[in-house]
Structures are given as structure tokens and as C-alpha cells.
Amino acid sequence: VHQGKVFSLCVWIPDPDAVWVSAQLLQDYSPGENHLLLQLSNGKVRHLHYPLDSPSDLPPLGNPDILEGENDLTALSFLHEPAVLHNLRVRFLDYSSIYTYCGIVLVAINPYDQLPIYGEEVIDAYSGQDMADMEPHIFSVAEEAYRTMTRSEKNQSIIISGESGSGKTVSAKFTMRYFAVVGGAAQQTSVEERVLSSNPIMESIGNAKTIRNDNSSRFGKYIEIGFGRKGDIIGANMRTYLLEKSRVVFQASAERNYHIFYQLCASRELPEMRSLKLDAPENFRYTNQGGEMQIPGTDDLSDLERTRSAFTILGVQPDQQMELFRILSAILHLGNVNIQASGRMHSSSFFPADDHSLAVFSKLLGVEGPQMAHWLCHRRLAVGGEMLAKPMSGRQAVEARDALAKHIYGQLFTWTVQRLNSALRAQRGHVKSFIGVLDIYGFETFDQNSFEQFCINYANEKLQQQFNRHVFHLEQEEYVREELAWSRIEFSDNQQCINLIEGQLGLFDLLDEECRMPKGSDESWVQKLYDQHLTSKPHPHFQKPRMSNSAFIVLHFADVVKYECDGFLDKNRDTVFEELVNILKASQSELVAELFQQQENAPSLANGGVRPGKRATREHKLTVGFQFRQSLQMLMDTLNSTTPHYVRCIKPNDFKEPFVFDPKRTVQQLRACGVLETIRISAAGYPSRWTYEEFFSRYRILLRGLRSPEQVQSLCKQNLPQLIPDPDQYCFGKTKVFFRAGQVALLERLRAERLHVAALIIQSRVRGWLARIRYARILWAMVTIQRYCRGALARRLALTLRYTKAALVIQKTYRMVVVRQLFLVIRQATITIQAFTRGTLARQRHRLLVAERAAVLLQARVRGWLAREAYRRVRAAVVLMQCCVRRRAAKRELMKLKTEARSVERYRELNKGMEVKLMQLQLRADQQVGEGKVDLLASYVLHYSVFFFCRFSSLYLTLLLLSSSSVCVFVHMCAEWQHQAVSEASAALRAELDEERRKYQGLLREFARLEQRYDNLRDMSLLTEVHNYNPSYRNSEIVPQKYSLAVNTILVVFFFSPNDNIRVDSAVSLPPGLPASVIFLCVRQADCSGDQTRARSLCSAAVTAMKAALKVTSGFEPARCTICLTYNAKGQYHSTEDDTDTIAAFLSAAPVVSRLSIPLYSVPALLEAETIPGLCGSAVKLGTSRKRAGSDPRTVGGDAPTMASVLRELGALHTALSHQALPPTLIEQAFHQLTYLISASALNSLLLRKDMCSWSRGMQIRYNVSILEEWLRSRSLQAGGAVATLEPLIQAVQLLQAGKKTEADARALVQTCTALSSQQIVKILTLYTPHSDLDERVTLNFIRSVQGLLKQRSDGHPPQILMDVRRVFPVTFPYLPPTVVHAEQLVIPDSLKISFLRKA
């Protein structure tokens, strides 16, 4: 492609700032020339001589303008680094599109902004759609994995990788949310809720703020989401990899520890948290090292509440949560333990006796403080069979303390993961297949790289190898499917680098061997590396730094990384002394003991080994590197057994600025994450592939011979050798023609040349030749002079800057020393003065407090004595007064009781009414016994009433005698006793009289209750329950069990049974209104009998059957039945006034029916149906024919949805509704809801499909919509608003057809598209793609002009891109007097077997 005439082509040349810049070729290139004449087009309009040493140094060619902004990088004609970088920049900055396909890889660029592209309406738009048809999105990858799993019943994996801050965690969260929505019910079930609840827990204990990311995951995780037979989530399992435990004890500048520590400190004022003795994070050593206590825009207190709520959802009880928080708080207090050095040469260490932090740490963990203090400063050694305790230096003690803190946190992290897995384990059935989501760290390289970066990069080497082989396998599968004669594609395999790390005598082997040596050190280990891989057997991927003997260099696939060996052995061992672990095992806290006792049972799951103090009996423990290799190998085995899907997250800049694109950082990540390797593998084969029909449609002007569509394949095979002489540059398959990289651009160029006039070509070449000769001479002279002048000035400036920097360093150091000495002297003097002054003031305050306390005590004693004397006098006077008053009241009460005792006739009057009631009750009971309708309970009520009458009569006589005797006693006592005895007798008499009154009132209430119960039992005797239906039963009344059976039968016939298919035909063929009438009679009977529970259960059963029928089927057929049944039932209930509560649940099915009844094929019919033949057939866009590699091949020529099929289904629905005698207003409202959903779904699909946004496709969609409009008007449905709901879709296609160039066009668009929001208009303009040479792209200036006009427009549209497909319009039921329905009047077919509803 580079040879010959490539004039006026676009090329890419390297640039130190932008990495690659675009340039225009100004002069033909001929083999043998040593330079190219270029014109830069990056804002610097200047000419440039590009030097060439050989033809291989030619710059990469640019792609045609028609491919700019392509959503799949593999569809580009030229596949190379500058083309990929430019395409990503254009999509990210110009189109605000953060997702781009690269074959089977989804490239996701972090926007550092909140975008409205993750709502439920977006999930609905992507659910069930083909990945190749939709715009790139994380939901598209999730949908592809879900569909592949349900279709092929094979496990899937989604591998999400990238740098810290690139958005891996957010992508994983949205992926899991998508699965929770599409794999669950309309509302989240407990399983989906638990799966989503694991995210805040793992973020709090595994994420931290770093320099590059405010919420960086410091561990890798692989979550397997298990699905059942029906595709619903039934469980999940999580595996974690390489937790960064060193962050617990150390944080770099501007970084934080794990979020959970700051969340606990923020909640220290809560009542339940006060026992943890927490303080501000600035006061803890483990949280204040980075200097960052707060993350802007986050609230640690609310984050802790979310974490606790997630723990509760996952079944962790509050007391166990507090145990976990106590352990985390103890780690913070452990970091504040003050270890002091002592002895000669500081060879020993000790704890102060009053160390508060150590006491709090021991109390929170329930361990012995003295033992913990002793073994933190000592270690146990075995010398000659005798155990000795050797003191440790201060530095060693600090290291032991930090190792213990890391070990505790690692064990707690492992326990939390295990607890989450137990809560997420499948409980509803067997997991048939799963989708794994791998959120793992990307390739890392820093100024200082240690053991963590080494393990991370090793994991990325393994993942890159698996990725390369998978891409290669997919490419070869495509070639085999098309029966191509292909040769094996060579790709860079990083097996040598992997062997260097994990092979025999590799880096890990030598590291583990050195860890087992008694006196192993980092220096001896790195020396062994030099001897093995430099001297003995030089390895191509291993190097030694020139200026260092304590580091080594590994040539990874992504970059060359230098590792500092300091700390490798300690991090690989990750050990803690056995004595400290034994103390924790004996903890009084159950959780603490469980953490360290389970370590013995599962050593392979532990985050680190335990180092015994006795070296002689020390067992071999698994190192961190060995465990990591094992877990990584298990992960690779899992990934190899699944179908992988790849998401590569890119961090566009290091400043976290929204929509800022740094090309240097981006291209560095593209090289590291394997995207460019994917392109290289694709470019090594046949990256461009076209079907014969598409190739013929695009390049028919280059083909000679009979241009008949029936002979497309033979015509292509006949003419293509003449266009591309080299047969190795193309290949013919069964259904496609394949091209090497750059051949499509060559065909485009040939096609463009064929369209130009020869005279214009000759003129342009002659004038260009003359101009270039003159321009080359001038440019060469100017460039030479400028080069020498700039070089001299640059050298002079560099020397000046070097001297200036040296002077500044000297001045800075000297001034720092002087100021620090002065500060130390002043601070010491100030502290001394403050100490003496504060002591004097404290002693003065103490003397004043002692004197004041003595005076107060004396005053208190005197005032108490005076108060007690006054109280005694007042109390004596009050007692005397009370005695007088009570004696007077007793006299009055005695006279009152004497009067009441004589009025016995009053009780006789009260009993007259009771006797009459008992006689009536006896008479009614005798009548019922004669009719045989009184059961045992009614007889019991009768006998109880007679007993009550007898009891009342005896009570009456007793009351008379009691009253008479009381009077006699009173007269006798009045003559014999004094006033005090009279008072006591009166009080006793009154109490007894009150007791008898209460008993009498209680008997009256009991009688009334029994009388009411008797009436209820008499009414219920008419509705005796029959549990088993008997055809010979002659009772003509509808009983509760019977109408339940009737409703179930109607639902089974009208909808479906668990073992049968939908019975639509039989349901529609029933007499109009029959199902609604049957359900109405049954519910009405239950309502009239007062059984509200039974009435609601019947309504709920009907609604559940409707939803189930609509969920498991597609099409309009179930909608006919459900809409008819719902609206007819409402019409039956218009005759009652008390039906609101009973029928409310049943009427809730109406909006659900309308929402679920829309068929899936109505949207593709509107957008894709070729109602106008040939309109879109010739408009084949360049590059769109390439399907994404790895997508399943789908048969072409199947039954495509058409507008005729949609109208046929709509007509059947309208006929069924009319047949069931629904009012016209209800039919209009049903179609109003239905057309809204069709319009909203079609518009949402249009906004997410770039291939639909063209002039020709807009014309086709407008014609399809007009057909639907005409059908609605022919059925007189426009009055209900059905046509008006199509207005947003109509305006969207008008936007595609309108002019989009001038300012007047922009104003016309804004005035016309009133039903579209501003976001929707801009989205359609950015997606607009020309499908022919006569059309042009929408310029950015025009889009900005439209945005400016839209800001001036005040509309009430919500700020979201997609329409809400879940919107439900309110349903208004007109009042129509219903006909009286009786069971005996219903025409019930015998096939329903519910004839018992009719009277015999």
C-alpha cells in the first residue's frame, strides 16, 4: 500500500506531546527516496521533511474519514496504534462515548463524571438485544454473556482489568447489577439483593484511596454468579487474590488506609461505638501517615451505615458485627502502642506500664495484656533442648507489632469473604451454570516496584497469554467456518517471560528457596538471580541494572519494569510469631478465637504463615508467592473452562478531570492491557471482511461485466484479481470476502479515483510538482537554520537552569538548618516556662477549691437541719386536719348507705328486662330445634343463658339479705360503738357492695356477647364448608371452597396450567364476559359474607396468573385475555359502592398487563423492516459489515419481523377486545399505553444504534411509522392519544432527514423537535453516520450551535437520554350500568367442569 502513488493521503508521525499527530502527504513517494514531504494538521500548519532510512520506516497511513468514530476498532481499514488512539480520542471527546469495541474486547474510558447511561431504562434497552447491533456498553457485554450462557448452557467469564482509577470496580458493579435485574424478578429477590450487598462490604474492607484513585481495590476478586435452569440468580461465590496487607501499617503520602478504619472513626460518637475508645483518624498511627483523612464528596459515616446494612442483609447479626468492629478498632490501637528501646546498643525493648493503647487493644480482643506485652518484645528460642526467651530490639519489636496487625487484618478479611460466600451460597436449587466477573489489577509500574507489583504483573502475564490464545483461537475459528486456505498466524507469546517467573529455578522458586534458608536475605536472593539468569543461562527477559546490585529488571509484555529486592523475603514469608497467635487463640472473644483456630484447619486459605519461636521444630509453611501461584492457576483453569469476555478499563488522565484525554497515559495503558496486541493479531490475518452482497453494493463501479445481483459471488471473484494483483492480500470464503490490512483503503482509493476527472488529476499533479520543488528548497534552508539556532539556545538555557537549581538547593539546605536550630531553642524555653506557670496556677486553684468545698459542706448541714424541723411541724398539722375531715365524711357516707339499704325495689326493676330477654331466647331456641338448624354451640348458648338467669336470681336474693342484715348490724353497732367503729363498718360494707355491682355488670356484658355470637353462628350455618367437591351434591348455594375451585378453573383455562402451554384460542372462544362474570360472582359472594381475606386471595390469584402468563410468553395473545378479563371485572363491580378495598389488588393488573404485553418483534419491525424496497440496500456503510470476533454465527435469511406481522397482531388484539364487549374508551386507553411502549422502545433502540442513524434509515422508519399511524386512524383509536405517543419517534426520524449544516438548519431543528429532550437531540446528531458519498457527517460546530440553542429552550423534559419504558398511564373506567348477573343465567361450557355454580 505504501508503494506507488499515495498522494493526498493522511499519515501519522510520532510527536513527543501528542504521541501521534496527523499529517498530509504533499508529495508522491517513490522507492529509494530518503524523506517524505508532509503538512501537519494538528493546528501547526507547517511543512515537514520526514526522514526515511528504509521502506520499513514509512509512517502509518490514516483511515478514510468515513471510518472516523467507528465503534469497533477492528473495523478500521488500517489497524495500528495511532489509528486506535485517534479513534478513541474522537469518541471520548467529540461524541462523549466512553465505550468502544476492539474485537472481543470492550474498551472503557473512565469519564470521571456521572453519566445518565446506567438506569433501568438502559438495562431494558440492552436486554435481549444482539451485541453487534447496539452501541458499545458494559451492559452489552453482560447481555452477550448472559445470552450465551442461557443458549449454549456453558459457563461464562467477564474479565475486567485496568490500572488503579480506571473504573474496574464500577464496571464490575454495573455488570452485577445488570445480572441482578435480568436474572431476577421485577423486584429484587433476596438472592439478588445479597449479591449486590456484597459490594459495599468488600469496598469498605478492601478498597482505599491512592494517588491515582479515591476508591482503589487493593485486591483481586472473582465472583461467580450462579444461575438456575430458568436463568434466574440462585447464588454466588467470591474468590479473592493478593490483599495488600502492607497498607494496614503503612500508607504513602496523599493516600489512606482501608475505608473501614475511617468509617469507624467517623462513627465514634454513636452510643454503640463508644466502647471501642476510638478517636479522630489523625490520632492513630495506622491512619495518619498519608495525611489524607477525608475524601472529597464522600461521607464515611453514611458509608458505614451502608456497610452495616449490607452485613444485616447477608445475615451477620449485630452482635457479630460489633465483634468485627472491635477487632478493627483493636488494630488501630495496636498501631499506637509505644515501644521503647533499652539496653546496650538498644538491643532490647519494653512497654511503659501505663500504656493506654496496649490496655485498650487487649481489652477489645479479650487477651491477656501482660502476655501480649511480653511476647511483642521477646521471642522464644530453643538452645540445647532448653527454651529461652530472647529480647528483641526496638526495631524488631515494631516489626513484630506491624506483622501482627497485618496478620489479624488478613485473617479478618478471609473470614469476611468466607461469611459472604456462605450467605451467597445457592439455597433455591442446583446451579446449572454461572457467569464469573473478574475484577483484577492491571499492569503496574512505579518508580519503586516491590513484591506486590511483581505478583500483579505476573498475574497480568498469565492473563495476557490466555487472552492472546483466545483471540487467536477465535480468528482461526472464523477462517475454518468460511473454509479459507490459511496459514498459521504468528503472535507474540509471552511464555518465556512466564517461565522466567514460575518455571524451574525461576524467580519464584529461588525466592521460596531463599525464604527457607536460616539466614536468607534479599541481597543473597538477588545475587542468585544474577548467577542463574545472567551468568549461567542468560535469559532474554531478565536484565541487571547498571547502577544497582539490589534490583533486577524483567522485560514484561507491556513494559520493562525494574524491581527493588528490598522486602521481598519478608513479604513472601508474611509470618508472625507463634506465641502471639497462641495468645489470640485463647481470646475470650469467640470471633477472635475462631479467626486463628480456623487457620490451622485451612492453611492454604490463610493470608500468611505463622513462624514458631522454636526454630528446630518449625514446620514448612506455604509462602505468599506459592499460595498466589496456586490461586492464580485455579483462576486460569476456571477461565479456560469458560467463554471469556474482556473489558479493558482506561484511565484518561492522572488528575481525575472529567473528559480530559492524555494521549501519553492512554497509549501506555493500551500497550499494557493487550488492546494493541488484539489489533496486531487481527492485522496479521484478514481483519476486513465483507459479505459478497455488501462488497458488490459498495464497489460495483469497479467491477466489470454483467452486474446482476444474482451473480454477485462470481462477479467478485472475477474482478477482484484485477483490482488487487497480489492474491495473498485477499481470500474468498463461503459467504464473505476477506482482506488484509489496508486493502479496503486501497479499494476506497481506487473507487475515488474512478469518480474524478482525468483533467483535474493532471492539473493537480503538475502544479503540485512545481510547488513542491520550490517549497522543499525553502523549507530545507529554514529548517537547517532553525535547528542550529534552537540547539544553541537550548544548551545555553540548560546550563543556566543547572546553575540556578544548584544554588537554590544550597540556599534551601542552609536556611533550613539555621531556622530549625532557632526553633528548637525557642520551643525548649517555651515548654519550660509553660510547665512552671501551669504548676503555679494549678496549686492556686487547688487551694481555692478546698476552701470552697468546706464552706459548702457546712452550709449544707445547717440548711438540712432547718428543713427537717419545718417539715415535722407541717406534717403534724396536716395529720390533725385529715383526721377531722375523714370523720366528717364517714358520717355522711353512713347516712347514704342506710338510705340505699332500704331501696331494694330498684334491683327488682332491673331484673324485669332480663326475664323478658331470657323468655324470648328460650322461645327462639325451641323454634330452631324444631327446624333442625341449631348445632351444639347454639344449645350451649341456651343452657348458659338459663344458668345465668338462675345465678342472677340467687344474686338478687343474696343482695336483699345482705342489705337487711347490714342495716340491723348498723343499728346495733351505733348503739354500742363509737364513731371510729362506725367508720370501719361503713367502709367494709361499701367495698362489698361495689364488688357485687362489678360482677353484675360483667354478667350483663357476657350475656350480650353470647347473644351476638349466637346470631353469628345462625348466619354461618347457612354456609357450611364442603372440602371435597362431589358432583351429586345438591346444595344450590356457592360455598367458599367451591368458588375457589371455580376461580382456579377459570384461570387455568383462561391462561395456562403448570404443565400445559398457553390456551389462548380456547380462552378467546369463550362467551363474552364469561370469565369476568364467574370471578365477579365468586369474589362478590366472598365479599358479601364478610370474608375479606378470601376475597383478596381470589383477586391476588387472578393477578398472579396474569403476570405469569405475560412473563413466560411473548406476543399479543396473552394480552388479549388479560386486558379483557381485567376491564370486564371492573365493569361488573361498578354496581357496588363498597368494592374499593376488595378489588384494588385485582385492578392493579391493568398497568402490568399493558407494560408486559408489548412483543419484542415490534421494535425491530419499525426500525429494520424494508417496507420501501432498495432504499437501504445500497447504503452500506464502510466497515459495518464486520461482526465482532467471537460472536456466535447466526443464520441469515430467517423470518425477519415485518410491519405486516405487527399490524396483524394488533388487529387480532383489537378484534379480541371488541369481541369481549369492552367499551371503546377502554380500548383506546389500552392502545394508548401499547403505542407509547412501542414508540419509547423504538426510540431507545434508535438512540443506542449507530447504524440506524442515517438519512436512508430515517426515511424507512418514517414510512413504517406512517403505516402504524394509518392503522390506528382506521380503527378510530387516535382519540385516546395513541397517535400522539408516536410523536417523539416521528421527530427523531425527521431529525435524521433534515439538513444539518447551517445556522438556519439548527434553529429549524430546535423548533421542530419539541417532543425530544436536549440530550436526545445531541445524541442523535453525534450518532449520525453517512451511508453514502453524497452525505456528510454532522460537524462539531453544528452540534455546539444546536446545544447553544437548546440551552435557551425551557422544556419540561427529564435530563435523561432514554425514555422510560416502565411508565404507566392512569386508567379511567367509564361508568356503565352493568347487567344483573346470576349463576343460573351463565352459559358455562361443560368442558370447564364448573357447572356446580348453577342451581339444580
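Index from 1, following the sequence. Since the model is a prediction, treat every value here as computed from it, not as a measurement.
Although no hydrogens or angles enter the test, the distance criterion places a donor-acceptor pair under 3.5 Å between the side chain of R147 and the main chain of Q129. When atom types are taken as modelled, the side chain of Q1233 and the backbone of V1368 share no donor-acceptor pair closer than 3.5 angstrom.
Side-chain contact check for V647 versus T175: every heavy-atom pair is 4.5 Å or farther apart. For the pair P1288 and L1316, the minimum side-chain heavy-atom distance is below 4.5 Å. A heavy-atom distance below 4.5 Å is not found between the side chains of Y101 and L73. Residues V1346 and V1338 form no side-chain contact, since every pair of their non-hydrogen atoms from C-beta on lies 4.5 Å or further apart. Inter-residue side-chain proximity for I1321 and R1353 is flagged as met; some heavy-atom pair is nearer than 4.5 Å. At least one side-chain heavy atom of V1322 sits under 4.5 Å from a side-chain heavy atom of Q1347.
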>> With side-chain contact (heavy atoms from CB on, under 4.5 Å) as the criterion, how do V122 and F174 come out once you've worked through the C-alpha distance, each side chain's angles and the decisive distance to 0.1 Å?
In response: CA-CA 12 Å; V122 182; F174 283 127; over 6 Å; no

>> Using side-chain contact (heavy atoms from CB on, under 4.5 Å), reason through I1324 and L1296 one step at a time and then give a plain yes or no.
In response: CA-CA 8 Å; I1324 294 175; L1296 295 176; 3.6 Å; yes

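Ring centers of Y118 and H137: under 6.0 Å apart, within the cut-off.
Considering all non-hydrogen atoms of both residues, E70 and L76 come closest at CB-CD2, 4.1 Å. Between L1248 and Y126, the closest heavy-atom pair is CD1-CE1, 3.4 Å. Between F1231 and A1282 the shortest heavy-atom distance is O-CB, 4.0 Å. Nearest approach of A1298 to K1300, heavy atoms of both residues: O-NZ, 2.6 Å. When every heavy atom of P652 is checked against every heavy atom of Y112, the shortest pair comes out as CD-CE1, 3.8 Å. When all heavy atoms of I117 and I1361 are compared, the pair lying nearest together is CG2-CD1, 4.4 Å.
For the side-chain contact (heavy atoms from CB on, under 4.5 Å) test, residues two or more places apart in sequence or in another chain that qualify with N1244 are A125, L1362, M1363, V1365. Listed by chain and residue number, nothing satisfies the side-chain contact (heavy atoms from CB on, under 4.5 Å) test with T1215 (two or more places apart in sequence, or in another chain).
Between E1269 and R1262 there is a salt bridge, since at least one side-chain N of the basic residue sits less than 4.0 Å from a carboxylate O of the acidic one.
A donor-acceptor contact under 3.5 angstrom links the side chains of T1285 and T1235, judged on distance only. With no hydrogens or angles considered, no side-chain donor-acceptor pair links S140 and Y99 at under 3.5 Å.
Annotation: cation-pi pair R1367/Y1236 present, NZ/CZ under 6.0 Å from the ring centroid and within 45° of its normal.
Heavy atoms of other residues, nucleotides or ligands lying less than 6.0 angstrom from CD of E1303 number more than 12.
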